[in-house]
Structures are given as structure tokens and as C-alpha cells.
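A, B, ... follow the sequence lines: proteins, then strands. Residue 1 opens every chain. Excluded from the calculations below are hydrogen atoms, water molecules and symmetry mates; all remaining heavy atoms, backbone and side chain alike, are included.
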2 protein chains.
Amino acid sequence: MTHATAAFPESRHDHADCVERTLAAAERICRDRQARLTPQRRRVLEVLLADHVAVGAYEIADRLAENGRRPAPTIIYRALDFLIEVGLVHRLASLNAFIACGHPGSAHGAQFLICNGCGLVAEISDPRLAGAVAEAARRVDFAVLRPIVEITGRCPACRPGLRGRGDA
Amino acid sequence: MTHATAAFPESRHDHADCVERTLAAAERICRDRQARLTPQRRRVLEVLLADHVAVGAYEIADRLAENGRRPAPTIIYRALDFLIEVGLVHRLASLNAFIACGHPGSAHGAQFLICNGCGLVAEISDPRLAGAVAEAARRVDFAVLRPIVEITGRCPACRPGLRGRGDA
DNA sequence: GGCTGGTATGTAACGGTATAACATTTCGAA
DNA sequence: TTCGAAATGTTATACCGTTACATACCAGCC
Ligand SMILES: [Zn+2]
Ligand SMILES: [Zn+2]
Ligand SMILES: [Zn+2]
Ligand SMILES: [Zn+2]
């Protein structure tokens with residue numbers, strides 16, 4: 001099992017590198033799109049990259065306040081709109097919160113596993129799940145525009161009876 | 001194609017009967033559970049049954065205001081909590097709104113197709129889709145508690161190039 | 001009947017989420 | 001340099017949902 005495919009980032013994964021690579025990708029994606037990753041927008045993205053947990057807009061404002069003035073909600077929402085538009089951030093409807101995209105750049109259907117123990121959010125892109133959604137819609141002649149799949153539950157680390165995965 | 005299995009209620013379906021049967025089922029379900037379907041709660045359910053569209057809590061209050069005083073939000077939310085608890089109502093996270101359950105009584109995983117043209121919401125209970133969710137979670141060792149599947153799109157009636165379904 | 005405790009309803013205030021409307025600044029291209 | 005578009009800033013407001021506490025209703029029991 002490689003790190004890249006693990007749905008839940010291991011606690012020991014090199015998060016500094018994780019952040020750095022995502023920011024580099026963000027810069028590249030925005031350049032390619034001729035979209036401007038301004039300092040504001042970048043700061044919002046950095047907040048979301050700080051950990052693999054969904055963060056609300058007001059919480060983002062609070063964190064940005066730590067070095068400077070607290071931006072008004074509208075500032076945050078505009079930055080988020082931009083980041084979502086270019087595919088760097090996803091909104092989690094069930095949490096009213098936002099999270100950095102786990103694999104930006106490639107067009108992808110995303111589904112989310114949300115741990116209600118530690119708050120970790122895993123973004124998966126499961127073609128079979130996406131296919132099942134498409135198929136269910138097709139069966140009733142429904143044209144899909146925006147499929148939302150958000151699964152709340154418990155991540156492996158937050159289960160009491162946690163046993164090894166057999167690869168240790 | 002029978003009415004009972006059509007995901008999107010045909011405009012010509014006998015909605016009065018649809019409401020009546022659901023209310024009867026609601027009475028029975030509450031009796032079985034020794035839960036009290038009080039007039040308040042029943043009125044909220046009736047608002048949600050008025051059509052197959054999701055309704056927000058404040059909108060429910062507005063509609064109840066038409067015959068009497070407008071109940072405070074907390075009244076509405078308490079009724080909704082009750083109705084959700086006994087399985088008569090679902091909450092749609094992506095709309096911050098509520099809808100009457102399409103097939104109350106039987107335990108069922110539900111997925112929702114939400115038309116952004118007419119607002120109609122179809123509740124489906126697709127075992128293959130539910131299975132795909134369970135399988136995707138299992139693959140990453142995630143214990144599912146509450147799977148949310150809400151698919152926004154266009155219902156057959158709201159598509160411009162609508163062609164017959166072959167059964168007309 | 002009258003107590004009593006649990007359930008349901010009523011009321012007021014508040015907190016969290018998101019947008020509207022409008023002013024100002026920044027930036028890149030002509 | 002001028003100009004228009006994009007981005008940011010400011011204020012106010014709308015919408016969604018909860019907290020805290022008071023009151024009313026409805027058993028079962030004395
Ligand atoms: Zn993504
Ligand atoms: Zn966890
Ligand atoms: Zn109906
Ligand atoms: Zn429609």
C-alpha cells in the first residue's frame with residue numbers, strides 16, 4: 001500500500017511536503033488557466049491545507065486574523081468561490097465547510113469520507129461509486145449535474161477495536 | 001411502468017391519494033412506535049407533503065402562518081427532529097431543507113435526485129448505489145455511519161430535448 | 001379529585017452561515 | 001498613461017439553526 005493511494009493520510013505522512021506539492025500544483029494550475037492565485041486566495045488555500053480537516057468560512061477568517069486584520073466573510077467566500085471554481089477546493093455540504101482538493105489538476109468526480117471522531121476528511125475518486133451514481137440516475141432518466149457523496153463515519157484510527165491492517 | 005416505482009412523480013399522479021396514504025402510514029408508524037403524531041407535527045408533515053419539493057424550516061413556518069400564528073423556528077425544528085427520528089422526513093444537506101420520506105415505515109437507505117429546474121426531489125433507494133458506497137468505504141477500512149447521496153441535475157420533464165419514454 | 005413527572009409547546013435571544021450592495025484599489029493591457 | 005476589468009474592502013442584511021428558560025398538556029398515581 002503506497003502513501004499516495006491511502007484514503008486517510010497517515011499521521012506520519014510528510015505533511016510539509018504534502019502542502020508544498022499542493023501549493024506548487026495550485027500555482028501551476030492557475031497559471032495554465034490564466035487565473036490569478038493572489039496572496040489572499042493563497043492564504044485561504046494555505047489555511048485549508050494546514051491539516052486534512054474541513055474548515056468553515058468563519059474559522060478561516062479567524063485563522064487569518066492571527067497575522068493581521070480579520071477579513072470580512074465576503075472576502076473569504078470570494079476566495080473560496082475562486083478556489084472551488086479552479087478545482088483547488090471542495091465544499092462539504094453536510095458540514096458547511098471547505099477542504100483542499102486532494103488531487104487537484106485532474107478532472108475528477110469526488111466523494112468524501114468524513115470521520116466524526118477526529119474530523120479527518122478523505123477525498124476519494126472511486127470510479128465504481130461514480131458509476132453507480134451515474135447508473136442510478138440514468139435508470140430514472142435523470143441528467144446529473146452535480147453529484148454529492150459525503151459519507152460520515154469512523155476512520156480506521158478512530159475505531160476502538162482497531163487491529164493492524166496486515167502489512168505492518 | 002407503474003406509478004409506485006417511478007422515481008419522479010408524474011405530474012398526473014393522484015397526489016391527494018399520495019398524501020392521504022402517507023398520512024395514514026405516518027399515523028400507523030407513530031402508533032407502533034408509541035410516538036405521538038401531535039397536531040403540530042402533523043401540520044409540519046402536511047406542509048412537506050403538499051408537493052414533492054424540499055422546503056426549508058422558515059418556509060414551513062411561513063406556510064403554517066397562513067392559518068394562525070407563525071410558529072417560532074424552534075417549534076418547526078422540534079417537529080422536524082421528531083419526524084426525522086421516526087423516519088417520516090429526510091433532511092437534504094445540500095439544500096438546507098426537508099422533504100417527506102417517499103416510503104416511510106421500511107428501513108431503507110435513501111438517495112436523492114434533486115431537479116434544479118422544477119425543484120422536484122425524487123427519493124430513490126437503490127441497493128446497487130448503496131452497495132457501491134458501502135464497498136468504497138470498506139475498501140479504505142472506513143465504518144459508515146451516515147451516507148449522504150444528493151444528486152443535483154435535471155429531471156426528465158425539465159430537459160429541453162425531452163423525447164417520449166417509449167411508453168406513450 | 002388532586003399531586004406529580006414526563007412530554008410537548010411557547011417565547012426570546014442568540015450564534016453560525018452566506019449573500020447583497022456599493023466603494024475603492026490593483027493590475028494588466030491598449 | 002489611461003482605461004476597463006478584476007480583485008479587495010466595508011457595511012448591512014438575510015437565512016439557517018440552537019440555547020435557555022417558561023408554560024401547558026397529559027398520563028399515572030395517591
Ligand atoms: Zn478533489
Ligand atoms: Zn478519525
Ligand atoms: Zn404525490
Ligand atoms: Zn424538473
>> Dot-bracket, 5' to 3', for DNA chain D please: Watson-Crick or G-U pairs under 3.5 Å, [ ] where pairs cross earlier ones, | where the partner sits on another strand, dots elsewhere.
In response: ||||||||||||||||||||||||||||||
> Do A:Glu150 and B:Glu150 pass the side chain to side chain contact (heavy atoms under 4.5 Å, CB included) test, and can you show the C-alpha distance, the side-chain angles, and the key distance before you say yes or no?
Replying inline: CA-CA 9 Å; A:Glu150 297 177 14; B:Glu150 297 177 14; over 6 Å; no
>> OP1 or OP2 of C:dA12 versus the side-chain N and O atoms of B:Thr74: is any pair under 4.0 Å?
In response: no
> Can you tell me if B:Arg159 uses its side chain to pair, donor with acceptor, with the backbone of A:Asp141 under 3.5 Å?
Replying inline: yes
> Does D:dA7 have OP1 or OP2 sitting under 4.0 Å from an N or O in the side chain of A:Arg42?
Replying inline: no
>> Has A:His103 got a side-chain atom pairing as donor or acceptor with A:Ile124's backbone, closer than 3.5 angstrom?
In response: no
> Hey, does the side chain of B:Asn96 come within less than 4.0 Å of D:dC15's phosphate (OP1/OP2), counting only N and O?
Replying inline: no
>> Taking any heavy-atom pair under 4.0 Å as a contact, classify B:Ala57: base, sugar-phosphate, or nothing.
In response: nothing
>> If you assign each of A:Thr38 and B:Arg91 to its closest nucleotide in DNA chain D, which residue comes earlier from the 5' end?
In response: A:Thr38
> Which residues within residues 76-90 of chain A lie with some heavy atom under 4.0 Å of an atom in DNA chain D?
Replying inline: A:Arg78
>> Looking at A:Ser125 and A:Ala110, would you say the former's side chain and the latter's main chain have a donor-acceptor pair under 3.5 Å?
In response: no
>> At under 4.0 Å between heavy atoms, how does the protein contact nucleotides 24-30 of chain C? Give one character per nucleotide, 5' to 3', with B, S or -.
In response: ---S---
> Judged by atom type as modelled, is there a donor-acceptor pair below 3.5 Å linking the side chain of A:His52 to the main-chain atoms of A:Ile99?
Replying inline: no
> Does B:Tyr58 stack onto the base of D:dC16, taking stacking as ring centres under 5.5 Å apart and planes under 30° apart?
Replying inline: yes
